[in-house]
2 protein chains.
Amino acid sequence: MLKVDTKTKILDAAEKLFAQKGFDAVSLRNIVEIAKVNLAAVHYHFGSKQALLHKVVSRRFRPINKERLNMLENARNKAGKNKLKLEAVLESLFFPIFRAQANPKAGISFTRLIGRVVFDRNKELQKFMLSELTEVIIQFSKAFDEALPNLEKTEIDWRSHFMAGAMAHTLCNADLLSDFTKTNANDSELEITVQRLIDFTAGGFRAKVSKTPNTKKR
Amino acid sequence: MLKVDTKTKILDAAEKLFAQKGFDAVSLRNIVEIAKVNLAAVHYHFGSKQALLHKVVSRRFRPINKERLNMLENARNKAGKNKLKLEAVLESLFFPIFRAQANPKAGISFTRLIGRVVFDRNKELQKFMLSELTEVIIQFSKAFDEALPNLEKTEIDWRSHFMAGAMAHTLCNADLLSDFTKTNANDSELEITVQRLIDFTAGGFRAKVSKTPNTKKR
DNA sequence: TAATGTTTTAAACGATCGTTTGAATTAATG
DNA sequence: CATTAATTCAAACGATCGTTTAAAACATTA
């Protein structure tokens with residue numbers, strides 16, 4: 001077993017604790033206790049608690065988002081001149097991050113953290129997340145447009161929003177669900193979970209758009 | 001304008017701040033400053049910060065959950081001996097809480113708070129929320145079973161989970177979405193938002209269940 | 001009005017927070 | 001080996017946290 005450097009020890013401990021309890025509920029002293037490093041090491045290596053959080057996120061999120069874009073590119077190539085398939089777009093979006101969940105090294109901690117982050121209203125964090133996701137948002141927005149040529153742009157945006165909620169909740173609260181359904185949402189069940197999420201969200205995207213009961217205003 | 005009692009002033013301020021920044025990020029001193037009451041009043045009236053949070057939630061959540069059950073009961077009666085309609089079940093679940101969002105008194109604060117709470121990993125809060133939702137979970141679980149007689153129980157549970165994520169995200173991050181789509185998710189748009197969420201989630205519930213590519217394990 | 005119960009208040013409690021400092025230690029470089 | 005740079009460390013900084021106390025102010029009832 002080779003020596004793990006201080007930076008990594010801090011990142012691992014912070015990842016675990018932030019995912020478990022949230023950013024504000026975790027102190028740097030909690031983190032250095034788990035990481036078994038000195039308190040001042042956090043500021044030496046990362047500068048601040050907020051900067052540490054950003055590093056915790058980007059360390060795992062960047063490779064995941066790269067792979068999302070790769071998978072989408074592959075799906076495009078495979079489709080050729082045929083229409084891009086909605087299920088392929090969704091799989092490109094879900095699979096890389098859910099596979100990170102099954103990875104014993106990153107573990108369930110990180111994906112849970114990502115789920116939490118989506119619902120966190122830490123302004124700096126939101127700005128940071130948006131910047132990390134810029135390219136993914138652009139490319140997948142285009143992809144949804146292509147895969148759903150008969151759906152209005154506004155509706156696509158709303159349904160992308162709903163889809164993001166379903167995904168985030170599943171990432172964050174997978175444990176609640178396994179209590180619920182007796183199936184465990186990890187390991188070999190990974191593909192099944194992703195397939196279930198694809199089925200549901202694809203069904204949602206393809207649902208008929210009903211006109212509202214009465215648009216009294218305007 | 002009649003005098004607002006201290007308890008209500010604290011509840012209102014806490015609701016606003018918890019929704020804005022989250023439980024851990026808000027101090028009692030932040031709350032009493034907004035509420036314009038003495039710091040010790042919080043413990044005098046509520047006992048602790050955690051107990052205050054529970055009260056903030058239950059004050060608005062209980063009437064909402066009562067109305068959800070009422071609407072579900074009405075939907076059942078209207079259906080008579082016909083099969084309960086999925087859209088009616090979903091509307092019973094969504095409408096009462098989204099209407100609270102449009103209510104200028106409760107405002108967007110509370111629903112955002114509820115959205116956040118779903119993703120919060122405060123153990124005591126989770127237990128409390130579960131106890132507040134017991135009857136709703138029982139009745140709506142039954143209703144989904146009735147409305148989807150051809151869908152396996154396990155699949156219903158998973159899809160209920162996805163649906164909850166879509167709902168929570170919409171409650172919590174409605175503002176992000178209105179930036180996105182230029183439509184505003186309040187006021188007269190209430191019915192439209194709910195209808196969109198019904199369309200999406202109903203489509204998800206009704207989607208075909210695809211067998212996983214290969215169930216290698218087992 | 002006197003007595004009793006309820007609510008509000010200022011002040012302090014010990015604990016913990018993120019961050020900074022400067023010296024001790026280790027690693028790298030000439 | 002000497003010197004410089006990088007890292008670790010114990011200790012402390014001021015600020016803020018949730019909670020408690022006990023007296024003051026107010027309201028209610030006899």
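All of these numbers come straight from a predicted model, not from anything done at the bench. A note on names: the letters A, B, ... follow the listed sequences, proteins ahead of strands, and every chain is numbered from 1.
- Looking at B/Ser27 and B/Asn30, their side chains do bring a donor and an acceptor atom within 3.5 Å of each other.
- OP1 and OP2 of D/dT7 both lie 4.0 Å or more from every side-chain N or O belonging to A/Asn38.
- Residues A/Phe61 and A/Ile97 are in side-chain contact: their nearest non-hydrogen atoms beyond the backbone lie under 4.5 Å apart.
- In this structure, the nucleotide among D/dG18, C/dT8, D/dT8 sitting nearest to the side chain of B/Leu28 is D/dG18.
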For nucleotides 22-28 of chain D, which of its nitrogen or oxygen atoms have a protein nitrogen or oxygen under 3.5 Å away, and what is each distance?
none

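- Formation of a donor-acceptor pair under 3.5 Å by the A/Thr134 side chain with backbone atoms of A/Ser131 is found in this model.
- Computed from coordinates, the A/Leu39 CG to C/dC17 P distance equals 10 Å when rounded to whole Å.
- One atom, CZ of B/Arg29, and another, C1' of C/dT9, lie 14 Å apart when rounded to the nearest Å.
- Between the CG atom of A/Leu52 and the P atom of C/dT19 there is a distance of 10 Å, rounded to whole Å.
- To the nearest angstrom, C1' of C/dT19 lies 16 Å from CZ of A/Phe46.
- In this structure, B/His169 contributes its side chain and A/Ala166 its backbone to no donor-acceptor pair below 3.5 Å.
- Looking at A/Gln195 and A/Glu191, their side chains never bring a donor and an acceptor atom within 3.5 Å of each other.
- With hydrogens and angles left out, the side-chain atoms of B/Asn65 and B/Arg68 include a donor and acceptor closer than 3.5 Å.
- As rounded to whole Å, 14 Å separates atom P of D/dA10 from atom CD of A/Glu33.
- OP1 or OP2 of C/dT8 sits under 4.0 Å from a side-chain N or O of B/Thr6.
- Taking atom NZ of B/Lys49 as the reference point, atom C1' of D/dT20 lies 17 Å away to the nearest angstrom.
- The OH-C1' distance, from A/Tyr44 to C/dT25, rounds to 12 Å in whole Å.
- Here D/dT16 presents its P atom at 10 Å from CG of B/Asn30, a figure rounded to the nearest Å.
- Side-chain proximity of A/His45 to the nucleotides D/dT7, C/dG18, D/dT20 is greatest for D/dT7.
- Within the 4.0 Å cut-off from OP1 or OP2 of C/dC17, at least one side-chain nitrogen or oxygen of A/Ser27 is found.
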Ignoring hydrogens and angles, write down the donor-acceptor pairs under 3.5 Å from the side chains of residues 53-60 of chain B, residues two or more places apart or on other chains.
from    : atom 1 : to      : atom 2 : distance (Å)
B/His54 : NE2    : B/Gln50 : NE2    : 3.1
B/Ser58 : OG     : B/His54 : O      : 3.2
B/Ser58 : OG     : B/Lys55 : O      : 3.4
B/Arg59 : NH1    : B/Asp12 : OD1    : 3.1
B/Arg59 : NH2    : B/Asp12 : OD1    : 3.0
B/Arg60 : NE     : B/Glu15 : OE1    : 2.7
B/Arg60 : NE     : B/Glu15 : OE2    : 3.3
B/Arg60 : NH2    : B/Glu15 : OE2    : 3.3

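- Contacts of A/Val32 with the nucleic acid, taken as non-hydrogen atoms under 4.0 Å apart, are absent.
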